[in-house]
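Working notes, structure below.
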Amino acid sequence: MTQKDSPFLIEEEKIKDRIKELALEIKRDYEGKRPLFVGILKGAFIFLADLVRAIDMDLEIDFLAVSSYGKFTETTGEVEILKDLQIPVKGRHVIIVEDIVDTGLTLKYIKDMILSRGPASLRICALLDKKERRRVDIDADYVGFSVPDRFLVGYGLDVAEKYRNLPYIKEIES
Ligand code: IMP
């Protein structure tokens with residue numbers, strides 16, 4: 001196997017180190033505020049849990065569960081809200097926490113929905129960014145890792161509900 005063909009991998013230690021950096025950046029940007037972290041279920045649950053534990057400040061957490069209709073690994077842009085937020089976002093400094101931005105369709109839908117509710121500010125924190133797959137104009141304000149167009153699992157990411165519990169991120173054949 002050549003270097004080029006090696007499966008893509010982000011090791012556990014590397015994820016930990018990057019999350020510490022993101023946490024410091026977010027803490028600095030939100031000094032004196034009480035941000036509301038909105039984790040997108042299910043994929044972001046591990047990332048959100050590690051991220052907020054690395055941020056030493058007053059903050060709140062809520063979850064939004066969405067399901068994207070589509071084929072195996074593709075999304076179509078249709079998003080169904082399976083669980084809405086419990087904390088009102090009006091006037092709040094909201095940070096959406098997402099596992100991965102792929103086409104951007106899911107995030108665009110969620111972003112527009114939250115914006116329509118009148119937050120004081122809205123930013124996006126994504127662990128992974130698959131930029132070359134983007135179909136709509138949306139970017140995360142905080143990005144853990146830019147990743148190639150490969151199908152990734154682990155650290156919250158799944159394929160048919162499998163592999164979410166891996167402590168690292170790896171590529172699988174799709
Ligand atoms: P988007 O709407 O195309 O940006 O898709 C975002 C969602 O698709 C993510 O929140 C994931 O749930 C899923 N997704 C996209 N790429 C991957 C991947 O490589 N592995 C696992 N899930 C993925």
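Note that ligands are numbered from 1 as they come in the structure, with each ligand's atoms numbered from 1 the same way. Treat the numbers as computed from the prediction; the structure is a model and nothing was measured.
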List every atom of ligand 1 that sits less than 4.0 Å from any heavy atom of [X], numbering the atoms from 1 in the order shown and giving each element.
| X | result |
| --- | --- |
| E98 | 10 (O) |
| T106 | 1 (P), 2 (O), 5 (O), 6 (C) |
| D158 | 21 (C) |
| R150 | 19 (O) |
| K130 | 16 (N), 17 (C), 18 (C), 19 (O) |

**Message:** For D129, is there an ion pair with R134 - N to carboxylate O distance below 4.0 angstrom?
**Reply:** yes

**Prompt:** Between Y155 and D50, is any side-chain donor less than 3.5 angstrom from a side-chain acceptor?
**Reply:** yes

If the contact criterion is a heavy-atom separation under 4.0 Å, does [X] count as touching ligand 1?
| X | answer |
| --- | --- |
| D99 | yes |
| G43 | no |
| L157 | yes |
| K108 | no |

**Prompt:** Would you say ligand 1 has an N or O under 3.5 Å from any N or O of G104?
**Reply:** yes

**Prompt:** Polar-atom distance check: L152 versus ligand 1, any N or O pair below 3.5 Å?
**Reply:** yes

Side chain of [X], backbone of [Y]: donor and acceptor closer than 3.5 Å?
| X | Y | value |
| --- | --- | --- |
| D62 | L85 | no |
| R34 | E60 | no |
| K170 | G154 | no |

**Item:** Side-chain heavy-atom pair V94, R117 within 4.5 angstrom cut-off
**Value:** no

**Complete:** Note: heavy atom closest to atom 23 (C) of ligand 1, options I100, I169, V66, belongs to I100

**More than 12 heavy atoms of other groups within 6.0 Å of D137 CG** = no

**Prompt:** Between Y142 and D29, does a side-chain hydrogen bond (donor to acceptor under 3.5 Å, both in side chains) hold up when you go through it step by step?
**Reply:** CA-CA 11 Å; Y142 306 97; D29 292 351; 2.6 Å; yes

